[in-house]
Every structure is written in structure tokens, then in C-alpha cells.
Protein chains: 2
Amino acid sequence: MQSAKEVLKAKGIRPTFQRLKILEFIRDCKEHPTVDDIYRKLIKGIPTISKTTVYNTAKTLVESGAINQVNVTGTETRFDFAGEPPHHHLVCDKCGRIIDIAIDCPYLSRREMEGHLIIEKHGYFRGICSDCRGKTENRAD
Amino acid sequence: MQSAKEVLKAKGIRPTFQRLKILEFIRDCKEHPTVDDIYRKLIKGIPTISKTTVYNTAKTLVESGAINQVNVTGTETRFDFAGEPPHHHLVCDKCGRIIDIAIDCPYLSRREMEGHLIIEKHGYFRGICSDCRGKTENRAD
DNA sequence: TATCACTTTGTAATTATTACTAATATGTAT
DNA sequence: ATACATATTAGTAATAATTACAAAGTGATA
Ligand SMILES: [Mn+2]
Ligand SMILES: [Mn+2]
Ligand SMILES: [Zn+2]
Ligand SMILES: [Zn+2]
């Protein structure tokens, strides 16, 4: 597996301490963290880190393709490590988690649609996750 | 075709003047307007309307299913009339427009995936729209 | 070492949204 | 038609997310 440092080098981004820690956290966190999530986690180990750095770095990483931006709530931006295979997401109405869904979407390979050039594909569902369905008080069926 | 008033009545939402105008604008506007777009348009004809009313009404309409929320930028919420047939969206990197794409997605009919209950499906693409591609200065291929 | 470009940080400003409350309008019962 | 209860609207304040900006820090290079 490629280290975070190698990912950054390969993208031509100088692997500073802050960038490495931010990228590693996004890679290891399975919960599609927000900027605030990242900041609150990293400030524990790097007391001087600023939220602006998290914003700047996230933007740099998204532009380079090292991470993907996940837009599912409309009011906050979340992030996902781009090393994962392409997948869609489920936003759970009950627990709020954003869960990966592996789907075999026939559009993932399309580079053009109706004359439009396609650069990124995003799919997400709103619903109730299997964990929350399992809890009897939430079963509707 | 069903009038806006009929849509609201069918949903059990009292068809006030403001709600009718907001719903009609969202129905007739093909550009997936933001709250601010709606407010700036309607204030011309209804000088007393407040942005809070637009927020409240949009929330009511989304919850009732009369309109859909479109989350593609991460920082602002947009809306789409739910009377349209299901479709995906393209966000153009050049002109910023959000354009409907009719696709035959095999997941639109799925009510369950990997044990999760599916309530809504959303798909969008980032890319360059056919209009912007047509302009020679933007052709990359 | 001196320089220069890049990076980080802290602060201020902006934008989108939500919270709260008073005023207004509407439906119902009398 | 009037009074009352309730829903809706509007205005303002508060919160949250993001962006803008400039000073300070860092590190590679001449
Ligand atoms: Mn994911
Ligand atoms: Mn649409
Ligand atoms: Zn859940
Ligand atoms: Zn375009």
C-alpha cells in the first residue's frame, strides 16, 4: 500500500507534517469527516494547527485528486480518501452516519453524457441503515 | 397538469400566497435555485416577503415531497420541482450551471441495498457542459 | 548567509442557515 | 359577524461553515 507521503509526492504536493497528518486521518477515518472533525482530532496532537490549514489542505488535496469531496447534507463538506475504490454513499436518517455502498453502477465508466464531458461521478442515497433498521423501535415494516 | 395550488392541497399544506409563489417559482425555474435566488426573485413582486419564509417554506415543501433538495456544492442548498421525472445532474465547472441529465439508472427502483432501507436516490456529475465544450477556448480534447 | 517561494497561522469578513419572537392572517365555533 | 385558537409570516439575532487577508514561520537554493 502507498504511504501518505508517497501519495503526496506523486501528486507533486510537498509532504509537510500537517498535510501528512490530515491526509492520514482522512484515509484512516471511515466516517467521512468534516473540516471540524479533522481539526478537533488533530489539535490533540498538534496544538498549533489551525482550521485555516485544514481548509487549505483539504482544498489542495481535493484539487489534486488525493481525496474526494462528499456533498450529502448541503451545509457542510465532507471528505473521503481517493484510494478507496469508487463507491456510493448512504446517509442514514436515524444515526446520521454516511456509509459506503459498493454498487456496480454502469455510469462509473462513462466519460461523456448527452454531450457533456464527465469528470466526476457521485451517487448517494438517503434512507435508514441496516443497523438502525435492526433496532425494533425503528422498524417501519 | 396539476396546479401549484392542487399540489399543496394534495400534500395537506395550506396554499398561502407566499407558498404558492415559492412553489411556482421552483417549478418554473430550470436552474435549481438557492434560497437566495428565490428570495431575490420574489421580493420584486412581494416586497414584504422574508428570507425566513423562504427557508421555512422550502423545508415544508421538501418534507412533504413537493420539491427535492439538490446538494451538489456542499455549501448551499438548491431545489428542484418534484413533479419532474427522476433525473441526475451535471455541475459544469465552467459556467456553474446545474443541468438535468436523464439517465436510465438501474438503482432508481431499488428500495433496499445491502440491508439498508432506501428512501431517496441522488446522482450528480461534475464536468463541462456541452455548451461550454462548444466554445473553442474550453475544448481540452 | 541571504533570498525567495511556499506554508502555516490568526484574525476578520462573508455567507448560509437556524433560533426566536412579535405581528399578522386564517379557520372554526359561537 | 365576532371572538378565539392556531398557523403563518416577518424581522432580528445567533450560530455555523467558509473564505479572505496578512503576518510569521519554514525550508530549499544560490
Ligand atoms: Mn466513502
Ligand atoms: Mn433537476
Ligand atoms: Zn443508521
Ligand atoms: Zn457550462
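Annotation: side chain of A:Ile98 is in contact with side chain of A:Arg78 (closest heavy-atom distance under 4.5 Å).
The distance between atom CG of A:Leu20 and atom P of C:dT7, rounded to the nearest whole Å, is 13 Å. For the pair A:Lys59 NZ and C:dT8 P, the computed distance is 15 Å after rounding to whole Å. The distance between atom NZ of B:Lys51 and atom P of D:dT15, rounded to the nearest whole Å, is 19 Å. Put simply, CD1 on A:Ile46 is 8 Å from P on C:dT9, counting in whole angstrom units. One atom, CD1 of B:Ile13, and another, C1' of C:dT26, lie 17 Å apart when rounded to the nearest Å. Taking atom CZ of residue A:Arg78 and atom P of nucleotide D:dA16, one finds them 15 Å apart after rounding to whole Å. Separating the CD atom of A:Glu76 from the C1' atom of D:dT15 is a distance of 14 Å, rounded to the nearest angstrom. Nucleotide D:dA17 holds its P atom 9 Å from the CZ atom of A:Arg40, rounded to whole Å.
Residue contacts for A:Thr77: at a heavy-atom cut-off of 4.0 Å it reaches the sugar-phosphate backbone alone, with no base atom in range. No engagement by A:Thr34 is indicated, since no non-hydrogen atom pair under 4.0 Å with the nucleic acid exists.
Ranking C:dT9, D:dT8, C:dT7 by closeness to the B:Thr16 side chain, first place goes to D:dT8. Comparing D:dT18, C:dT7, C:dA16 by their nearest atom to the side chain of A:Val35 picks out D:dT18. Here the side chain of A:Arg14 is nearest to one of C:dT11, D:dG27, C:dA16, namely D:dG27. Each of C:dT8, D:dA10, D:dT8 was ranked by its minimum atom distance to the side chain of A:Thr53; first place goes to C:dT8. The side chain of A:Asn56 approaches C:dT9 more closely than any other nucleotide in the set C:dT9, D:dA10, C:dT7. Listed candidates were C:dA16, D:dT9, C:dT9. Nearest to the side chain of B:Tyr55 is C:dA16. For B:Thr75, counting side-chain heavy atoms from C-beta on, the closest listed nucleotide (C:dT8, D:dT18, C:dA16) is D:dT18.
Checked by atom type, the side-chain pair A:Tyr124/A:Asn71 shows no donor-acceptor distance below 3.5 Å. If you check the side chains of A:Asp80 and A:His87, you find a donor sitting under 3.5 Å from an acceptor. Looking at A:Asp100 and A:His32, their side chains do bring a donor and an acceptor atom within 3.5 Å of each other.
No more than 12 heavy atoms of other residues, nucleotides or ligands sit less than 6.0 Å from atom CG of B:Asp104. Taking a 6.0 Å sphere around NZ of B:Lys121, one finds it holds more than 12 heavy atoms contributed by other residues, nucleotides or ligands. Few gaps surround NZ on A:Lys51; more than 12 heavy atoms of other groups in view lie less than 6.0 Å from it.
One hydrophobic cluster holds both B:Leu20 and B:Ile43 under the rule that ILVMFWY side chains link at heavy-atom gaps under 4.5 Å.
For C:dT11, its base sits under 3.5 Å from the side chain of A:Thr52 at one donor and acceptor pair at least.
Mapping B:Ser50 and A:Asp36 onto DNA chain D by nearest heavy atom places B:Ser50 at the nucleotide closer to the 5' end.
With the end axes of the helix from C:dT1-D:dA30 to C:dT30-D:dA1 each set by five pairs, the angle from one to the other reads 20° at 10° resolution.
At the phosphate of D:dA10, OP1 or OP2 sits under 4.0 Å from a side-chain N or O atom of B:Gln18.
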